[in-house]
Amino acid sequence: MLLPCPALPAPTLAALTSLGHWLRARGYGPGRVSRALGILAWNGPDLDGEWWARDNHAEGDLGALVDLFVRGQPLPARKAEALLPKEAWGAGILVERRGDVLAEGIILPLGADLVWTDRGDRSFHKGGLFLPDSTSFELRRLIPPQRVRRHLDLGAGGGAITVAAARRAEETVALDINPRGGEAVQRTMALSNLSGAVAYSGEAHEARALGRFDRLSFVLPLLVPWHGMASAGPEHTISASSDLLVQVLEMLPSLMSPGGLVLLYTQDWAGGPPLPMVLDLVMEGRAWRGAYWWDQQGTWGKRPVRTGCLALRLDGGRGFVEQKNEVPDEGVEDWWPHMAAMLGESGATN
Ligand SMILES: C[S@@+](CC[C@H](N)C(=O)[O-])C[C@H]1O[C@@H](n2cnc3c(N)ncnc32)[C@H](O)[C@@H]1O
């Protein structure tokens, strides 16, 4: 059932926002935190393994913050009290245990954002929140810079994409089947000094009740095990069938505003005929152009399946192009111009 997530109390949100300012002022950003963990690029496949458990090479205050907010290490309470600002204690994310202080999740710095989600120890279990990986980063990079009125982030998890979308939309709606997602999205937004996102828990197909949107994003759970992950992975990462992709495609005509843009990270197989044919079937006569920028190849059963970014522009002509994504991960933050060119657009479109 589609349910709005209860709003966190205003003082908690204010404390999270202050903590976000304080962390950034101390250099807690993607560059320094990734270097502390010996990760060359914060946006590459390095983040597909157990990166949060790497050795911490940072010393001093930054070293302690990386231990607390990334690696999940306890800090002696006296050290935490001396280090953290008083607002941190009202943010609802610290727990005290036997004279130590722990953070209940991870604060992942991505670009200008601070994303709150589960650490690996909880993320990979039932009910866990997805820990953003290179699939999330790919979709973050594809959101066009032009502002739109309404953005829907399906399968929002801890809000890694919601928060990037919210910087480019007047209203952002986050929806996830995991009831823990709404609280995490609110924390992510507040830590990143943003407001204007509304979170729901429910099934993706229930988004039909939320009106029309100018943009939609969804990193779907995939058929193909990702980077050697066991095929029996957590349900937010590995999917048992292509039904969810079909559900999402089927609701596009009633969900998307004229000229709307759909950005999915997905496999290229919706369970039946080739993807362009499925899209023609579901679009109910609306024109659409599609571009599939794939980057991984695997198999599902005996069937070859690729995964990558699928962009669909509604009402703007017809056509479907595919290309292997060979753009290096490092130092490339904006992929929209390339995807726009694949869609036959100038890049100045929204
Ligand atoms: C691969 S994760 C992506 C999470 C987040 N967008 C990110 O990139 O960090 C997929 C998300 O889809 C959610 N999900 C799975 N099935 C769903 C469904 N039927 N309806 C809504 N959300 C669903 C999962 O709970 C999970 O949070």
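Keep in mind that what you see is a predicted model, and the values were worked out from it rather than measured. Counting starts at 1 for both ligands and their atoms, in listed order.
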Exercise. Examine ligand 1 and decide if any of its atoms is less than 4.0 Å from a heavy atom belonging to Gly202.
Key: yes
Exercise. Report the part of Ile161 in contact with ligand 1, treating N, CA, C, O as backbone and CB onward as side chain, heavy atoms under 4.0 Å; options are side chain, backbone, both, neither.
Key: side chain
Exercise. Please confirm whether Tyr265 comes under 4.0 Å of ligand 1, counting heavy atoms of the residue only.
Key: no
Self-check item: Test of proximity, Val219 against ligand 1: N or O pairs below 3.5 Å
Solution: no
Quiz item: Taking atom types as modelled, is there a side-chain donor on Asp280 or Trp288 under 3.5 Å from an acceptor on the other?
Solution: yes
Self-check item: Leu220 N/O to ligand 1 N/O under 3.5 Å
Solution: no
Quiz item: Any salt bridge between Glu104 and Arg122, counting N to O under 4.0 Å?
Solution: no
Name the atoms and distances for all side-chain donor-acceptor pairs under 3.5 Å in residues 245-259, with sequence neighbours left out.
| residue | atom | partner | partner atom | Å |
| --- | --- | --- | --- | --- |
| Ser254 | OG | Met251 | O | 3.2 |
| Ser257 | OG | Phe213 | O | 3.2 |
| Ser257 | OG | Asp214 | OD1 | 3.4 |

Quiz item: Is the closest N or O pair between Asp153 and ligand 1 shorter than 3.5 Å?
Solution: no
Quiz item: Which is closest to atom 14 (N) of ligand 1 in terms of heavy atoms, Thr135, Ile177, Leu222?
Solution: Ile177
Practice problem: Please could you name the atoms of ligand 1 that Gly157 approaches to less than 4.0 Å, counting only its heavy atoms? | Solution: 27 (O)
Practice problem: From the options Pro221, Gly155, Gly181, select the one whose nearest heavy atom is closest to atom 15 (C) of ligand 1. | Solution: Pro221
Practice problem: Taking Arg35 for its side chain and Ala58 for its backbone only, find out whether a donor-acceptor pair lies under 3.5 Å. | Solution: no
Exercise. Measure the acute angle between the ring planes of Trp300 and Trp269, then classify it against the limits of 30° and 60° as parallel, tilted or perpendicular.
Key: tilted
Quiz item: N/O of Asp176 under 3.5 Å from N/O of ligand 1, yes or no?
Solution: yes
Quiz item: What is the distance from atom CG of Leu75 to atom CG of Leu102, rounded to the nearest 0.5 Å?
Solution: 8.5 Å
Quiz item: Any N or O on Leu244 sitting closer than 3.5 Å to an N or O of ligand 1?
Solution: no
Quiz item: So does Arg306 pair up with Asp295, basic N to acidic O under 4.0 Å?
Solution: no
Quiz item: If we only count N/O pairs under 3.5 Å, is Gln247 in contact with ligand 1?
Solution: no
Self-check item: Nearest option to atom 19 (N) of ligand 1, as decided by whichever heavy atom of Glu206, Glu203, Arg180 sits closest
Solution: Glu203
Quiz item: Going by the side chain to side chain donor-acceptor pair (under 3.5 Å) test, which pairs reach into residues 18-32, not counting sequence neighbours?
Solution: none
Quiz prompt | N-O pairing of Asp153 and Arg215 below 4.0 Å | solution = no
Quiz item: Of all the heavy atoms in Ala156, does at least one lie under 4.0 Å from an atom in ligand 1?
Solution: yes
Quiz prompt | Ala160, portion touching ligand 1 at heavy-atom distance under 4.0 Å | solution = side chain
Quiz item: Rounded to the nearest 0.5 Å, how far apart are CZ of Arg150 and CD of Glu171?
Solution: 4.0 Å
Quiz prompt | ligand 1 versus Leu131: contacting region, heavy-atom distance under 4.0 Å | solution = neither
Practice problem: Using non-hydrogen atoms of the residue, decide whether Leu154 is closer than 4.0 angstrom to ligand 1. | Solution: no
Practice problem: Go through ligand 1 atom by atom and flag the ones less than 4.0 Å from a non-hydrogen atom of Phe218. | Solution: 12 (O)
Practice problem: Measure the CG-CG distance between Asp334 and Leu142 for me, rounded to the nearest 0.5 Å. | Solution: 8.5 Å
